[in-house]
Asks: 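This structure is in structure tokens; I'll ask about it shortly.
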Amino acid sequence: MDPLRKGDYPLIMKQILKERLPRFTATEALLVKGSYDFIGVNYYMTQFAKAVPPANPNRLSVMTDSHTHLSYINKDGPISRCPFGDVYYHPRGILNVLEYFKENYGNPKVCITENGFRSLDSNRLADEIKNDHERIEFICSHLCFIRSAIESGYFVWSLGDNYEFCDGYTVRFGLTYIDFANITHIRDLKSSGKWYQEFLKPKQNVITKVQDYHSQRFLDDSYTHPQSRNTLAHAARHKC
């Protein structure tokens, strides 16, 4: 972000990378500064960062340059509960990111270009995969936390199950069910897709309604699991 806002890299990058970091000419700095319409943010998770010693000078990479070790657990325990297998659930992290942009970079226009929930395939039956109430909870609670911090846009990842980098076809992010054994088969909306379809209808100001969840009974329909309602109620009481 520093080049886009200030025309140069932050001092800590210069100190760590030294000659490995390309230099901007005066002309390049002027060209890059302010050269954006909006900032796109892909957000999925929040982790603890622990300082570690610099890596071997002969084995430096983009993965070692930060001098940190990332983990969901520190000396005090996990960063959040882990209700969905190996997915740690910390929706307030998305608001922390947006607040950081606001406080450090002049409140630029931000669009959440990716935010989604990963579920394991694990050879489950199609009906079980489609009944994805945990994805509804994930998406809705993240929307709750960003409702007052963003105006430009939000995109769920993803419209349909697809091939994921590193994980292949072993995980699913989609609002729509894809039969990987027959990709031309009819594609059904999952429970999350049906919920999101209702969420997007202009006749309901659902972002406002979530602020008074109990009286408005936000999402109290056939698509919402009781556990999801408890999480959203907790978020509403704490005003996200």
Side-chain angles (χ1 to χ4, degrees), residues 1-6 31-47 80 84 87-119 132-165 171-178 187 189-213 216 218-219 221 223-224 228 231-232 235-236 238-240:
M1 276 299 297
D2 274 34
L4 290 174
R5 290 292 298 179
K6 304 173 183 179
L31 287 172
V32 73
K33 184 178 179 179
S35 60
Y36 63 90
D37 297 309
F38 67 91
I39 303 301
V41 175
N42 294 358
Y43 175 88
Y44 290 93
M45 65 193 73
T46 294
Q47 293 178 292
S80 66
F84 311 129
V87 179
Y88 283 87
Y89 189 69
H90 189 67
R92 199 194 191 286
I94 197 169
L95 180 58
N96 294 339
V97 172
L98 295 173
E99 289 175 339
Y100 184 86
F101 277 103
K102 181 177 181 178
E103 294 168 4
N104 293 277
Y105 295 108
N107 197 23
K109 182 181 291 186
V110 175
C111 178
I112 302 299
T113 44
E114 288 187 24
N115 177 232
F117 175 80
R118 183 191 74 161
S119 57
D132 60 341
H133 295 288
E134 67 279 6
R135 183 167 285 107
I136 296 174
E137 177 176 339
F138 182 97
I139 294 171
C140 190
S141 58
H142 282 75
L143 285 169
C144 173
F145 276 100
I146 67 174
R147 72 181 189 275
S148 61
I150 189 170
E151 298 180 358
S152 53
Y154 173 88
F155 293 84
V156 175
W157 185 263
S158 59
L159 176 61
D161 297 324
N162 58 3
Y163 182 90
E164 290 290 335
F165 290 121
V171 300
R172 295 176 181 269
F173 279 89
L175 301 177
T176 303
Y177 173 76
I178 306 296
R187 301 174 180 189
L189 282 177
K190 301 177 187 177
S191 294
S192 61
K194 295 174 182 178
W195 174 83
Y196 200 59
Q197 188 178 55
E198 291 298 314
F199 174 87
L200 294 176
K201 289 182 178 179
K203 66 181 181 180
Q204 294 187 17
N205 187 359
V206 289
I207 293 297
T208 299
K209 287 184 178 182
V210 77
Q211 298 180 42
D212 190 11
Y213 173 80
Q216 299 293 337
F218 176 62
L219 295 183
D221 56 32
Y223 301 137
T224 307
S228 302
T231 296
L232 292 168
H238 290 78
K239 302 185 184 299
C240 299

Asks: If you measure from CD1 on Ile39 to CG on Leu98, what distance do you get to the nearest 0.5 Å?
Replies: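 If we round to the nearest 0.5 Å, Ile39:CD1 and Leu98:CG are 12.0 Å apart.
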Asks: Closest approach of Glu134 and Ser119, non-hydrogen atoms and distance?
Replies: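 Nearest pair, atom of Glu134 first, then Ser119: OE2-CB, 4.3 Å.
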Asks: Roughly how far apart are Cys111 SG and Asn42 CG, rounded to 0.5 Å?
Replies: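 It comes to 9.5 Å.
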Asks: Return the minimal non-hydrogen interatomic distance between Glu198 and Lys201, and the atom names on each side.
Replies: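 Smallest interatomic distance, heavy atoms only, reads OE2-NZ, 2.9 Å.
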Asks: Main chain of Pro108, side chain of Tyr36: is a donor-acceptor contact present, judged purely on distance under 3.5 Å?
Replies: no
Asks: Calculate, to the nearest 0.5 Å, the distance between atoms CZ and CG belonging to Arg147 and Leu95 respectively.
Replies: 9.5 Å
Asks: Going by ring-ring contact (aromatic ring centres under 6.0 Å, His included), name the residues that satisfy it together with Tyr177, two or more places apart in sequence or in a different chain.
Replies: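 So Tyr177 forms no ring-ring contact (aromatic ring centres under 6.0 Å, His included) with any residue.
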Asks: What is the minimum heavy-atom distance between Ile136 and Ser191, and which atoms define it?
Replies: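 It is CD1-O, 3.8 Å.
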Asks: Please step through side chain to side chain contact (heavy atoms under 4.5 Å, CB included) for the pair Arg118 and Tyr44, ending with a clear verdict.
Replies: CA-CA 9 Å; Arg118 183 191 74 161; Tyr44 290 93; over 6 Å; no
Asks: Tell me whether the count of non-hydrogen atoms from other residues, nucleotides or ligands lying under 6.0 Å of CG in Leu159 goes above 12.
Replies: no
Asks: Going from CD1 on Ile112 to CD1 on Ile146, what distance comes out if it is rounded to the nearest 0.5 angstrom?
Replies: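 Answer rounded to 0.5 Å: 5.5 Å.
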Asks: Can you check whether His142 and Tyr154 have ring centres sitting under 6.0 Å from each other?
Replies: no
Asks: With under 30° as parallel and over 60° as perpendicular, where do the rings of Tyr105 and Phe101 fit, or are they tilted in between?
Replies: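 Judged by the thresholds at 30° and 60°, the geometry between Tyr105 and Phe101 is tilted.
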Asks: Supply the atom-to-atom distance Trp195 CH2 to Ile139 CD1, rounded to the nearest 0.5 angstrom.
Replies: 6.5 Å
Asks: To the nearest 0.5 Å, what is the distance between OG on Ser192 and CG on Leu175?
Replies: 4.5 Å
Asks: Count the heavy atoms belonging to other residues, nucleotides or ligands that lie under 6.0 Å from CZ of Phe38, then report whether that count exceeds 12.
Replies: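 Count not over threshold, so no.
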Asks: Applying side chain to side chain contact (heavy atoms under 4.5 Å, CB included), run through Val156 and Asn115 and close with a yes or a no.
Replies: CA-CA 5 Å; Val156 175; Asn115 177 232; over 6 Å; no
Asks: Check Val32 against Ser35 and note the closest heavy-atom contact, atom names and distance.
Replies: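 In terms of heavy atoms, the two residues are closest at O-OG, 2.6 Å.
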Asks: Taking the inter-plane angle between the rings of Phe117 and Phe138 on a 0 to 90° scale, is it parallel (under 30°), tilted (30 to 60°) or perpendicular (over 60°)?
Replies: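 Tilted, since the angle between the ring planes falls between 30° and 60°.
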Asks: Mark yes or no for whether Thr176, through its side chain, and Gly160, through its backbone, hold a donor-acceptor pair below 3.5 Å.
Replies: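 The answer is no, because no donor-acceptor pair under 3.5 Å joins these two groups.
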Asks: Which pairs pass salt bridge (charged side-chain N to carboxylate O under 4.0 Å, His left out) with one or both residues in residues 153-163, sequence neighbours excluded?
Replies: Asp161-Arg172, Asp161-Lys190
Asks: Restricting to salt bridge (charged side-chain N to carboxylate O under 4.0 Å, His left out), what partner residues turn up for Lys102, sequence neighbours left out?
Replies: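 Partners of Lys102 under the salt bridge (charged side-chain N to carboxylate O under 4.0 Å, His left out) test: none.
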Asks: Do Trp157 and Asn162 make a side-chain contact, defined as non-hydrogen atoms from C-beta onward lying under 4.5 Å apart?
Replies: yes
